[in-house]
S.K.: 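Just passing along the structure, written as structure tokens.
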Number of protein chains: 2
Amino acid sequence: MSKPTIKVLAKELGLAVSTVSKALRDSHEISQDTKDKVLKLAAQLNYIPNPYASSLRRQKSRTIAVVIPEVADSFFSIAINGIEEVAREKGYHVLIYLTHESLERETEILNEFKSGRVDGLLISVTRDTCSGTHITEAIEAGLPVVFFDRMCEDIKAARVLTDDYESSYQATRLLIERGCKKPAYLSISPNLSINQKREAGYLAAVNEAGIETSQARIISCDGPDDKITEQILILLRQPNRPDGIIASVEKLVPPVYFACKELGINIPEEIRLIGFTNLTASPILNPSLSTVTQPAFEIGKTAAALLFKGIEKTSFDLSREKLIIPSQLQLRDSTL
Amino acid sequence: MSKPTIKVLAKELGLAVSTVSKALRDSHEISQDTKDKVLKLAAQLNYIPNPYASSLRRQKSRTIAVVIPEVADSFFSIAINGIEEVAREKGYHVLIYLTHESLERETEILNEFKSGRVDGLLISVTRDTCSGTHITEAIEAGLPVVFFDRMCEDIKAARVLTDDYESSYQATRLLIERGCKKPAYLSISPNLSINQKREAGYLAAVNEAGIETSQARIISCDGPDDKITEQILILLRQPNRPDGIIASVEKLVPPVYFACKELGINIPEEIRLIGFTNLTASPILNPSLSTVTQPAFEIGKTAAALLFKGIEKTSFDLSREKLIIPSQLQLRDSTL
DNA sequence: TTGAAAGCGCTAACAC
DNA sequence: GTGTTAGCGCTTTCAA
């Protein structure tokens, strides 16, 4: 029992293939009677249209791509949830690609999209992306693109972001209000848009409070997890160590805990900590972690909805869109 | 500047499309000279073959599907990493579908695959899947399928699993050795294969230790997170409450911590805890969590490698394959 | 070694 | 309302 095609249905019913095709797509030119017959037989034979024949003919794939640095990160995995939800509603399929922060890989992937494999792209870029031209090229080739979370400032494309500057500013202010005189800001990937905004928010709060530059350290951590822990250990071993920490990405949270434990530094008594993270485990850490919680699911959903609008309405200028969904500051024991 | 096709290349070079096609696929029938010319022009025009034309003609898509209940779970997101890695090496694309434990959704998704959209399927089933016929149908329709982690016992298909029985047995033994007289086993979705094995491992250890059935409670939790916490609260409020807990899935870990905190029960002094989880945060929980850590990345990689073997070698009987990759018991403070 | 031609399964003009 | 026909871009005989 091989897969039935439109041709088989047509022959079986004594109709033309075009009639069957139209009937299946519920065209108004076809009589209800014929439609019923066609639909009935289609159901009976479990006819499933060949998506690639249709894609080839119509030059659209009903497929979108999601390109992200990493999936094993609570933000991205939750965002995918949101994306998948709206893709499913729209009857679209979702291809997933991981860049692992490699610009080269990202470029290869994007280049492939010029073939028409996907009708749209949701992307959260690598650390090094903004120096490349591959995204602009894809956009110019006609691909609808929406940045979510990590984006390139100077590429004219839609973006769905959270209020990185503002939430980082608030988080830093909180540390200062609670008594921190020497709050430090920890990052990876300095040239990432989200980092720059978070850093700027931090700096604004620090300056506003009149904290000397020498006491407001910005540390860029790098490398694998154990390497990061080492870098933080070095920071915390300094006699004039920070008394507050903003961990600007999830990945930095465990190393900070490890380092504090190793050195016997008490959180929050000796050092207060806030992390940018969506970890469900935040409330059960030791001590529980105050977080800037990003609206990951909403960002995914919104970005996807926006993309589909761009895909479906050609009159709609996607590239002008810029949506901000605020993060939430959740206070717990690490900033008591 | 529209997308160049093979036809354009052919015209430009004064060759036939078939010649160009063969040259691009590095056919031995084509002279090196011609190949060079074709490749050069292709690179110059940035020619990308239309994947759907090729898929239609060759009846294969170079695409696989990953169907999972949920992506916001450390096991699945890490597994996807492994899958994506080998797919990329093989030049395959990865479609992702989330079932959210809905059999209906899963059935719809699988039904669609009969169209030839994908060349293979990696699936971790829903709680209710095993009562359905959609997977068997897909296999019979010729789709190579590999189960990973969650599978259906009685479907004849390849599977890549971890040693659920054994690791649960070891975890339970550990609790008993450390002095637990009343270890409880917490699960969701009782009819899931992985749960049955973990439960059986638990029971074996409990029986072996001569613990009375009344003291060896198996609690099946259900519903959203706060509901689960409530169910655990009820369990822990009993005068004869457990003094050890096996949290058989990641989702149960936070509720156990919450409930213990709420009731002022000390881990591990009053109750020991082991969780099946890949959370990177396990070492920094309060107290740090002893875990059964599944080889998520390896399972993903292995399952994908197996699937590709099934896709590429028709002589290979995929359905007989059954690979077990052991989990690791990592002891931390929650079982001191 | 190259080319001509048929056709994968579907859709969209355009006839009737 | 229904049918005829010509492709979408590619691969694959088969012929030259």
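We name chains A, B, ... by the order of the sequence lines, and we start the count at 1 in each one. Atom set for the values below is all heavy atoms of this structure, side chains included, hydrogens, waters and symmetry mates excluded.
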S.K.: Could you check which of D:dC8, C:dG3, C:dT2 has an atom nearest any side-chain atom of B:Ala16?
M.R.: C:dG3
S.K.: The side chain of B:Thr34 is closest to which nucleotide in this list: D:dC10, C:dT11, C:dT1?
M.R.: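 Selected nucleotide (nearest to the side chain): C:dT1.
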S.K.: Tell me what B:Ser31 touches on the nucleic acid: a base, only sugar-phosphate, or nothing, going by heavy atoms under 4.0 Å.
M.R.: sugar-phosphate
S.K.: When all nucleic acid strands are considered with a 4.0 Å heavy-atom cut-off, which category describes A:Ser18: base, sugar-phosphate, or nothing?
M.R.: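 Touches a base.
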S.K.: Quick one: do B:Lys309 and B:Glu321 make a salt bridge, cutoff under 4.0 Å?
M.R.: no
S.K.: To the nearest Å, how far apart are A:Leu56 CG and C:dA12 P?
M.R.: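 Interatomic distance, CG of A:Leu56 to P of C:dA12: 12 Å.
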S.K.: Starting from the 5' end of DNA chain D, give me the residue, A:Lys22 or B:Val17, whose nearest nucleotide shows up first.
M.R.: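 The answer here is A:Lys22.
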S.K.: Using whole Å, what does the distance between atom C1' of nucleotide C:dG7 and atom CZ of A:Arg57 come to?
M.R.: 15 Å
S.K.: Thinking salt bridges, do A:Glu112 and A:Arg117 make one under a 4.0 Å N-O criterion?
M.R.: yes
S.K.: Would you kindly give the NZ-to-C1' distance between A:Lys7 and C:dC8, to the nearest whole Å?
M.R.: 9 Å
S.K.: Heavy atoms only, 4.0 Å cut-off, all strands: where does B:Ser54 land among base, sugar-phosphate and nothing?
M.R.: sugar-phosphate
S.K.: Please work out if B:Gly14 contacts a base, only the sugar-phosphate, or nothing of the nucleic acid, heavy-atom cut-off 4.0 Å.
M.R.: sugar-phosphate
S.K.: Specify the separation, in whole Å, of atom CG of B:Asp26 and atom C1' of D:dT11.
M.R.: 16 Å
S.K.: Salt bridge between A:Arg62 and A:Asp119, side-chain N to carboxylate O under 4.0 Å?
M.R.: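 Result for this pair is no, no salt bridge flagged.
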S.K.: So A:Ser55, base contact, sugar-phosphate only, or nothing? Heavy-atom distance under 4.0 Å.
M.R.: nothing
S.K.: Heavy atoms from C-beta onward define the side chain here; which of D:dT2, C:dG9, D:dT12 lies closest to that of B:Gln59?
M.R.: C:dG9
S.K.: Of all the choices, C:dT2, D:dT2, C:dC10, which nucleotide is nearest to the side chain of B:Leu15 once you look at every atom?
M.R.: C:dT2
S.K.: If I take atom CG in residue B:Leu13 and atom P in nucleotide C:dT1, what distance separates them, rounded to the nearest angstrom?
M.R.: 18 Å
S.K.: Would you please indicate if the ring centroids of B:Phe308 and B:Phe316 are separated by under 6.0 Å?
M.R.: no
S.K.: With the side chain of A:Arg58 defined as its heavy atoms from C-beta on, choose the nearest nucleotide among D:dT12, C:dA12, C:dC10.
M.R.: C:dA12
S.K.: Got a salt bridge between A:Glu108 and B:Arg88, using NZ or NE/NH1/NH2 to carboxylate O under 4.0 Å?
M.R.: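 Yes, A:Glu108 and B:Arg88 are salt-bridged.
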